[in-house]
Amino acid sequence: MNLEKVVFGFFITLAAALNFGFWTGPIDNVMVHNGAELAAALVASLVATVLKFGDRTQLGAVHLATSLVADLQLVVAAIVWVWAHEMTSDGMTPAHMSIVVSMSGGALLANFISVVLMVSEIVQVRR
Amino acid sequence: MPSHTAATRQAVLSDVFYLVLRRMRFPLLLVIGVYTFCTAGLSMIPGTDANGDPTAPLTVFEAFYVVSYTSTTIGFGEVPGPYNAAQRMWMTMTIYVSVAVWTYSLFNVIALLQDQGFQNAVKISRFARRVGQMRQPFYIVCGIGETGRLVCHGLDHLGLRFVAIDEDPLRIQEMRLDEFSLDPPAVEGDASQPGLLEHAGLLNPNCRGVVALTDDDRSNQAIAVTVRLLSPRVPVLARIRNAETETHIGVFGGDVVINPFERFAEYLAAAIAAPERYRLREMLTALAGAPIIPLTRPPKGHWIMCGYGRFGHAVTESLRAAGMDISVVDNLHFDEGGVDVRGTGISSEDLKAAGIDRAVGLVTGNASDTKNLAIAVTARALNHNLYIINRQNQLNNGPLFEAFHQDLLMVPSRVVAQEFLARITTPMLSRFLRLIPQLSEARSAAIYAELAKLDPGRHPEVWDLTISPQCSPAAAELTQAGGRFTVGHLRADPFDRGRRMGLMVLLVRRGNTSFQLPTDDFLLQLGDRLLLAGSPRAKRHVELTLDNPNHLNYVLTGQESRGGAVWRWLTRKHPPEVVPLPSPQEVLPPLTQDVGPDDLNHDFNTFDYRG
């Protein structure tokens with residue numbers, strides 16, 4: 001067992017899992033989506049991105065690209081969240097929440113591709 | 001081929017990129033981890049308001065903001081409200097941990113930037129990018145010592161681009177200070193590495209030749225082999241100082257090697273035994289536009305050779321072969337045999353023992369310039385009519401040798417540079433030079449006389465020309481259509497077809513056959529490769545004939561046409577009627593005739609060849 005592989009797999013899966021946890025539920029329900037979970041998903045996604053640095057294979061490049069997409073989506077979601085929370089008079093509205101959740105949905109797709117890539121890599125090894 | 005160079009370039013760039021990413025992986029992870037930890041803690045600790053009542057903790061965003069300005073030591077001090085003791089404790093920890101982590105990451109980046117390997121990767125990628133951007137033909141010069149610098153300056157003088165590689169960073173810096181018309185890309189590194197040669201554009205279709213002039217024979221050999229294998233169409237010239245290496249490398253191609261000592265000894269022997277051939281060779285290989293220096297012929301008789309190293313051996317052998325009688329003076333190599341007088345030659349006793357009274361010539365061949373000059377001075381004092389040949393080792397000792405006024409000066413670096421330049425810029429010239437030994441003295445003298453007339457007082461330009469759609473579109477189209485295009489047409493002045501320009505065709509190569517010095521009636525075909533010599537003006541004008549269909553048409557028919565591409569296309573079915581060129585003798589005005597207003601336009605042609 002390779003510790004590096006464990007850490008890599010852990011963070012890829014964690015990013016996808018946290019994101020899924022945040023995203024799941026009705027898109028405009030303010031009560032269902034947790035801000036701390038969004039923050040955790042963003043951090044996990046950033047860590048996953050850095051872990052993918054320096055792999056020169058074609059697969060590594062695609063891995064990195066998907067992570068960068070997820071980061072971008074989640075950063076935008078976080079900015080919208082902070083804006084809605086702090087800058088508007090009526091706080092989080094269903095309209096704002098649907099933007100945040102849809103952005104995180106996009107990130108989830110990118111995370112999912114990452115997971116698929118990782119699994120396909122393992123399947124290639126056949127052991 | 002371009003796709004290949006693009007791929008190499010990309011590989012170098014991504015090398016640098018991935019190197020940075022790989023090295024930054026751990027520091028970045030650490031920063032993310034510490035940020036997350038500190039932010040999370042701060043966003044969980046409840047605050048206290050002015051009355052001492054508990055309030056909600058900072059939001060995640062506020063906590064992130066506080067940690068950000070703390071860890072970068074910016075310390076805005078702008079906080080949502082005064083902290084309580086628990087928050088202050090957490091902030092204390094945050095300050096120490098996050099500042100440490102930031103500093104560590106920053107140092108890591110700086111260390112990476114200062115890393116030798118990283119800097120090399122950046123340098124090479126920058127170099128490869130510059131080489132890749134070159135759109136003109138260029139040459140690769142490996143090793144820029146004295147000879148290499150001479151070659152570089154020669155190429156620059158001829159208006160050609162080049163790329164330089166040297167192992168010594170000092171030489172690269174010196175070269176940057178030299179004045180070149182265009183700043184050449186230069187990189188430090190081992191040129192015998194195939195990878196570096198590829199970055200220097202070996203596989204680039206614009207690469208016209210490689211010159212291997214590093215200090216090490218083995219590197220030069222490796223460069224020659226690399227070029228031969230990776231890019232067989234690119235000519236390569238390697239300097240080999242040691243004769244044994246040379247035979248070894250001969251397998252990879254006949255004319256890749258030049259040994260300066262042997263080469264000079266050969267020329268020297270030729271200058272004594274066959275001076276006309278020597279003059280002809282000198283005429284063709286010297287830098288174009290340089291003034292012709294008249295050569296006094298080395299006399300036949302008894303010679304003295306001082307110094308019996310590699311140069312001494314080569315000269316002695318050649319002179320003996322040319323039928324001279326030689327006495328060798330040496331101290332160091334006395335025990336190896338072949339030396340007649342033991343001594344340095346600086347004292348008059350040594351020279352007297354070598355027979356200076358009856359000698360006609362003396363060659364100094366030591367590796368020390370002052371020693372050579374000392375011998376020469378002593379010798380001239382003993383025998384004033386002596387023909388003295390000096391060997392100059394250091395280029396910067398030039399003024400000393402100029403002051404001495406010897407009859408012939410041998411500068412190894414110059415011999416190599418001159419020959420390399422001539423051969424690499426005009427591959428056809430090598431072919432012609434190989435024919436020179438087969439020429440008779442009288443024939444050589446005749447050719448020399450013709451060449452001397454091309455650009456009076458100066459060495460003519462010597463260049464290659466191919467009748468092909470790329471190099472000479474108009475002429476190629478004509479010959480392809482079966483038109484008659486002769487050497488005479490090539491030499492005719494495109495402004496006055498009755499005159500001939502100062503231009504000479506030395507050699508025509510068709511497939512595997514060579515035609516030496518073709519006459520004006522010689523019919524040129526598509527794909528012929530020509531070796532031309534002529535004045536700079538003739539070089540420009542002959543390009544007009546070859547490129548511009550209107551000028552070509554005038555040269556062929558004597559009729560002016562000013563048509564553009566459309567008109568030419570419309571009349572393409574009616575090829576021009578060829579009118580034989582008038583013989584130059586009929587049209588040329590007698591030399592005493594006044595120049596009329598019409599001729600004024602052409603008076604720059606007065607030095608033209610007169611048949």
Side-chain angles (χ1 to χ4, degrees), chain A residues 3-8 10-12 14-15 18 22 33-65 67-68 70-71 74-88 91-92 96 100 104, chain B residues 7-8 10-46 56-68 71 78-81 98 101-102 104-105 108-109 112 115 117-118 121 125:
Chain A
L3 185 66
E4 198 189 328
K5 291 268 187 289
V6 174
V7 173
F8 186 74
F10 172 77
F11 275 102
I12 300 281
L14 183 68
L18 284 169
F22 173 77
H33 305 287
N34 187 337
E37 202 165 12
L38 176 64
L42 177 57
V43 170
S45 183
L46 284 175
V47 172
T49 309
V50 175
L51 283 175
K52 289 166 178 175
F53 279 178
D55 188 348
R56 300 193 52 176
T57 58
Q58 174 74 26
L59 201 68
V62 180
H63 254 307
L64 185 59
S67 261
L68 289 173
D71 290 347
L74 288 175
V75 166
V76 173
I79 290 172
V80 173
W81 180 284
V82 172
W83 185 271
H85 225 264
E86 318 262 337
M87 299 300 292
T88 52
M92 205 54 153
H96 284 126
V100 173
S104 104
Chain B
T8 335
Q10 212 172 18
V12 181
L13 282 180
S14 58
D15 263 350
V16 177
F17 182 65
Y18 279 108
L19 199 64
V20 176
L21 285 189
R22 205 179 276 268
R23 288 282 293 270
M24 287 313 295
R25 195 146 64 163
F26 181 68
L28 280 180
L29 280 178
L30 208 60
V31 169
I32 293 177
V34 167
Y35 264 50
T36 310
F37 178 66
C38 296
T39 309
L42 201 58
S43 64
M44 274 187 279
I45 302 169
L58 297 182
T59 64
V60 176
F61 172 68
E62 280 167 346
F64 174 70
Y65 173 64
V66 172
V67 170
S68 292
S71 67
E78 186 227 33
V79 283
S98 65
V101 165
W102 253 115
Y104 167 75
S105 304
N108 235 293
V109 176
L112 178 64
D115 189 275
F118 176 78
S125 85

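To find a chain, count down the sequence lines: A is the first, B the second, and so on, and within it residues start at 1.
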Item to complete: Please list, in residue-number order, every residue in residues 29-38 of chain B that has a heavy atom less than 4.5 Å from any heavy atom of chain A; write 'none' if there are none.
Response: B:L29, B:I32, B:T36
Fill in: Residue-level interface, residues 75-83 of chain A with chain B, non-hydrogen cut-off under 4.5 Å
A:V82
Item to complete: With a 4.5 angstrom heavy-atom cut-off, could you sort out which part of B:T39 is near chain A: side chain, backbone, both or neither?
Response: neither
Discussion item. Please classify the contact between A:L42 and chain B as side chain, backbone, both or neither, with a heavy-atom cut-off of under 4.5 Å.
Written reply: neither
Discussion item. Tell me whether the count of non-hydrogen atoms from other residues, nucleotides or ligands lying under 6.0 Å of OH in B:Y65 goes above 12.
Written reply: yes
